[in-house]
Every structure is written in C-alpha cells, then in structure tokens.
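Written below as structure tokens is the structure these notes are about.
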There are 2 protein chains.
Amino acid sequence: MSQDIPVTGYAILGLLTFGDELTGYEIKQRADVTLRFYWVSPAMSQIYTELRRLADHGLVRADSRADGGRDVTTYAITAAGEDALRSWMDETPAGFPVLKHTVLLRLLVGHATEPQQSRRMLHDYLIELDQALHDLSEVRESLRGADGHGQPFRFPSLVADWGLDHFAAEARHARRALESLAETDSETDSETDSETGGGGGRAAE
Amino acid sequence: MSQDIPVTGYAILGLLTFGDELTGYEIKQRADVTLRFYWVSPAMSQIYTELRRLADHGLVRADSRADGGRDVTTYAITAAGEDALRSWMDETPAGFPVLKHTVLLRLLVGHATEPQQSRRMLHDYLIELDQALHDLSEVRESLRGADGHGQPFRFPSLVADWGLDHFAAEARHARRALESLAETDSETDSETDSETGGGGGRAAE
DNA sequence: ACAGCCATGTAACTCGTTACATGATTAC
DNA sequence: GTAATCATGTAACGAGTTACATGGCTGT
C-alpha cells in the first residue's frame, strides 16, 4: 500500500509528530537544525516533492489558506500518517548507518599526495567539527526542561547527546591522526627507516 | 578539464594507487572490505560505468586480454590519473562527512512508537556493530607489518584505527541509550496504572 | 551435472541536486 | 527603494540502485 515512501519522507513525517503544523519552508528550517546531523537536509524542492507524495498517500493533511496576498500551505500529520510511521519503525529493519566520510576517504589514500595536505585537511575538519559541536550544543540546550521521561523532547535529547559525543570522538580521532602524521613529517628527510617512531615527536601547533 | 568526476570515481582511482592492476570485479571486492566503512560500496554496474568514464578521461588504462575463453579487462592508474587524484585532494575542500544514520533518525522520533521498539532497534544495531567491528578488525590485522612510516599501508591503518574507534563509540552510545530507555520503561508501569504487557522481563547486558 | 564464483555489461528507474522562476512580506 | 527573508514551485540532470542478461571457469 504505502510501501513506496523514501526514508526522507518518513523523516519529514517524523518532524510533524512534534505537534505543530508546518509549512514546507519551516520543515526545511527544522531539518537544517536537527535532521542534518543524522540524516540529510533535503533541498527545498525535494521537501515539496515529498510533501506532495505524502499528501497523495493521505499521510499528511495540507491546509492552504491565503495569508494576505500569498498562498501559504501548512502540513499536519494524519492518523494514517502516524500509523505509517509506526509500522515503518516497527516492521522494517533500520539498516546499518551509511557514512560518506570524504575526510577518511582522502586520508585512506594519503600516500597519493604530500603529508602536509592530509594535515591541512584534518585541521580544516577540526574547525568544522568545532562549528558542528557548537551548533548541536545550542540545539541540545534548547531542549532542556522538556527532556525528561514522558516529555516531548526526551528522544531528541537522547539523539543530541549521542551526536555531541560522536562529534567529540571525531575530533579526538582527527587529533590523533594529526599527531601521527606530525611524526611522519619529522622523519621524512631520514628516508626509509623501518624502526618504530615512538621517540622524538614534535609538537604540531 | 577533468572536473566532472564524481567522488566515487576518485575512490576507485584511490584503490588503484596501491599498486595492482585490478578488474572491475576485484575493485568491487576491495570496496566491499574497505571503502564500505567510510564511503559506500558501489554497485557493480556503477563501478563499470565509472571505470569507463575514468578511461575516457585517460585517468586509468584498460588492458583487455583474453583469459581462456573470456575477455578480462584490468585497470591501472595512469600518471594523469595520479595527477587528477592529487589535485582533487589538494584543491577541493573535503566537506563535512554525511551521516545517513537510520538508527538515530528513528530514535529521534521514538515517541511515535512503543519504547520497546526503540530498544529492539538498538539491540539489533549492537549486533550489527559487533559484526562490523569484527570485519574491520580483520582488515586492520591484515595491514600489520606494513603500517609503518614510509610503508604502503600506513594511511589505511590510520583510517582503520579511526573506524574501529568510531564503531566502538557507536556501541557505547547505543548501550547508553538502551540504559536510558530501560529507566523509562520501569517507570512507566509504576507511574500510571496501565496494564503491564509481558511479565516483568528484565534482560540487560 | 550443477552450484557457485568470476566477469561484464544494459535498461529502467528513483532519489536528490542545482538552476531557474515567481512573487509577497518585512526590515532598514 | 532595495535587500533579506518567506514561500512555492518547475525543469534538467546526475549518481547510484535494482533487475535483467550473458557466459566462462572451478570445485564437488
């Protein structure tokens, strides 16, 4: 029946379970602050496409009203939508997370360029991680006060904490890799040297 | 010039920097054991498509020879391919990793179904993580002996260690979330006098 | 003999993106 | 008045998937 809904559709459906009626535009904004960390932030056009599909399936109810001179459409999840979401969660396996980690992909073939390029990349990544940690922290703070047991933001808080830890771990890994590459660098001039470089590592920055 | 190559193309190019000439089939196998953890494991058809494109751009050299009754084509990276890979790594920003984490997506909207469903999902995820950790450990072990400074598997080892830590962290997060959900559960029946479904089974680990 | 792996492709299709187009409201 | 934000779409396209098709080689 409603088997042919892509995951992003369920993600949007999920955003609508938090109570409010939202416009496509607002859904995009919510996705930008939360969904983007664990899934993706779909393009506007994709959101409208998906909302159309969900409406066709009766999973959301579209309310168009003229707000002044423009037509604004808000969307709310229907009972059928809640059913569909639940059966998706209960019956289809979640599947293993997919990581499209360009930083790791490049590090994997680090021998294809100068080590300093890998270090630069890791350094850039650390800066971006800092930003992500900052953004996600703000989200997490905004959930406080309603993150208790039966409260509305219990699950989002759980997920935000997971995400914060994840980014912190990424930063640790990036720093560790940087240290390791710093050793490589100071050894570079001494040509092929097979002994383990535990000794005189130099401070990076 | 060669601007229009998707990341997967560079990933394949990267696999070819480790020395051997590979067939499309072999590239798929290598991708299945390494790339899949940090990028994706492309479908066979995608690999052949990409190899065609890389060959058209002169970034790989295709060697077709008749091996018995069948035509087997092996691919090797060219000097132009090495240049292209290096300038991609040096000149284009890596970008923030994209995480398509269906488990977290579902946990985010955990209020849309029974808590036990979220727990089941996390439990399943832990099992899959175990498998991933096992698989990646084997890869990591296979790199030992050539993971030193100037050695061929230095970077893959760095990345494998990163990945192992990443999966270990994921397992920690999943367990923490499970504990948190277990609390929720035990509070649920004492608070409201709703009927308790199954006889108070408490399995934990 | 038959299953399973090796090996290579084509075709149809879907998700999602970028670019383009439109227009109204709000803030400076 | 003009820039930013709100709001909604269409069109072209690209990456990647599944399904299909083919056939040789290898081990039992």
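So that the names make sense, note that chain A is the first sequence line, chain B the second, and so on, each numbered from 1. The analysis underlying the following values was restricted to heavy atoms, covering all of them including side chains, and did not include hydrogens, waters or symmetry mates.
Applying the 3.5 Å distance criterion, the base of C/dT8 shares no donor-acceptor pair with the side chain of B/T73.
Between the CE atom in A/M89 and the CZ atom in B/R120 there is a gap of 9.5 Å [rounded to 0.5 Å]. Distance CG/A/L54 to OG1/A/T49: 11.0 Å, rounded to 0.5 Å.
One atom, CD of B/Q46, and another, P of C/dA12, lie 18 Å apart when rounded to the nearest Å. A straight line from CG of B/L22 to C1' of C/dT8 spans 16 Å, rounded to a whole angstrom. Atom C1' of nucleotide C/dA7 and atom CZ of B/R65 are separated by 14 Å, given to the nearest angstrom.
Looking only at distances, a side-chain donor or acceptor of B/H173 sits under 3.5 Å from a matching main-chain atom of B/A169. No donor-acceptor pair closer than 3.5 Å links the side chain of B/T113 to the backbone N or O of A/R86. Under a 3.5 Å cut-off, the side chain of B/T78 and the backbone N or O of B/R61 do not form any donor-acceptor pair. With B/K28 contributing its side chain and B/A43 its backbone, the two residues share no donor-acceptor pair below 3.5 Å. Judged by distance alone, with hydrogens and angles left aside, the side-chain atoms of B/E26 form a donor-acceptor pair with the main-chain N or O of B/T23 at under 3.5 Å.
Ion pairing between a basic and an acidic side chain is recognised when a charged N comes within 4.0 Å of a carboxylate O; A/R176 and A/E179 show no such pairing. Between A/D147 and A/R140 there is a salt bridge, since at least one side-chain N of the basic residue sits less than 4.0 Å from a carboxylate O of the acidic one. B/R65 has no carboxylate O lying under 4.0 Å from a charged side-chain N of B/D67, or vice versa, which leaves the two without a salt bridge.
Residue contacts for A/T8: at a heavy-atom cut-off of 4.0 Å it reaches the sugar-phosphate backbone alone, with no base atom in range. Within the 4.0 angstrom heavy-atom criterion, only backbone atoms of the sugar-phosphate kind lie near A/S41; the bases stay farther away.
Between A/L59 and A/L85, the closest side-chain pair of non-hydrogen atoms is not below 4.5 Å.
The ring-ring contact (aromatic ring centres under 6.0 Å, His included) contacts involving residues 19-49 of chain A comprise A/F37-A/F167, where partners must be two or more places apart or lie in separate chains.
In this structure, the helix from C/dA1-D/dT28 to C/dC28-D/dG1 shows an angle of 30° between the axis at its start and the axis at its end, each fitted on 5 base pairs and rounded to 10°.
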Reading nucleotides 22-28 of chain C from the 5' end, what letters show protein touch, with B for base, S for backbone sugar-phosphate only, - for no heavy atom under 4.0 Å? -BBS---
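Residue B/Y48 has its side chain nearest to C/dT8 when only C/dC15, C/dT17, C/dT8 are considered.
Note on ring orientation: taking the six-membered ring where Trp is involved, the planes of A/H111 and B/F155 are tilted (angle from 30° to 60°). Taking the six-membered ring for Trp and thresholds of 30 and 60 degrees, B/Y10 and B/W88 have nearly parallel ring planes, at less than 30 degrees apart. By the 30° and 60° cut-offs, the orientation of the rings of B/F153 relative to B/F18 is tilted.
Within residues 23-39 of chain B, the residues having any heavy atom under 4.0 Å from DNA chain C are, by residue number, B/T23, B/G24, B/Y25, B/Q29. Residues from residues 86-107 of chain A with heavy atoms under 4.0 angstrom of DNA chain C: there are none.
Both A/V40 and B/D71 sit near DNA chain C, but only B/D71 has its closest nucleotide nearer the 5' end.
A donor atom on one side chain and an acceptor atom on the other are found under 3.5 Å apart for A/R106 and B/T92.
Protein chain B contacts DNA chain D over a range whose 5' and 3' limits, counting nucleotides with an atom under 4.0 angstrom from a non-hydrogen atom, are D/dA15 to D/dC25.
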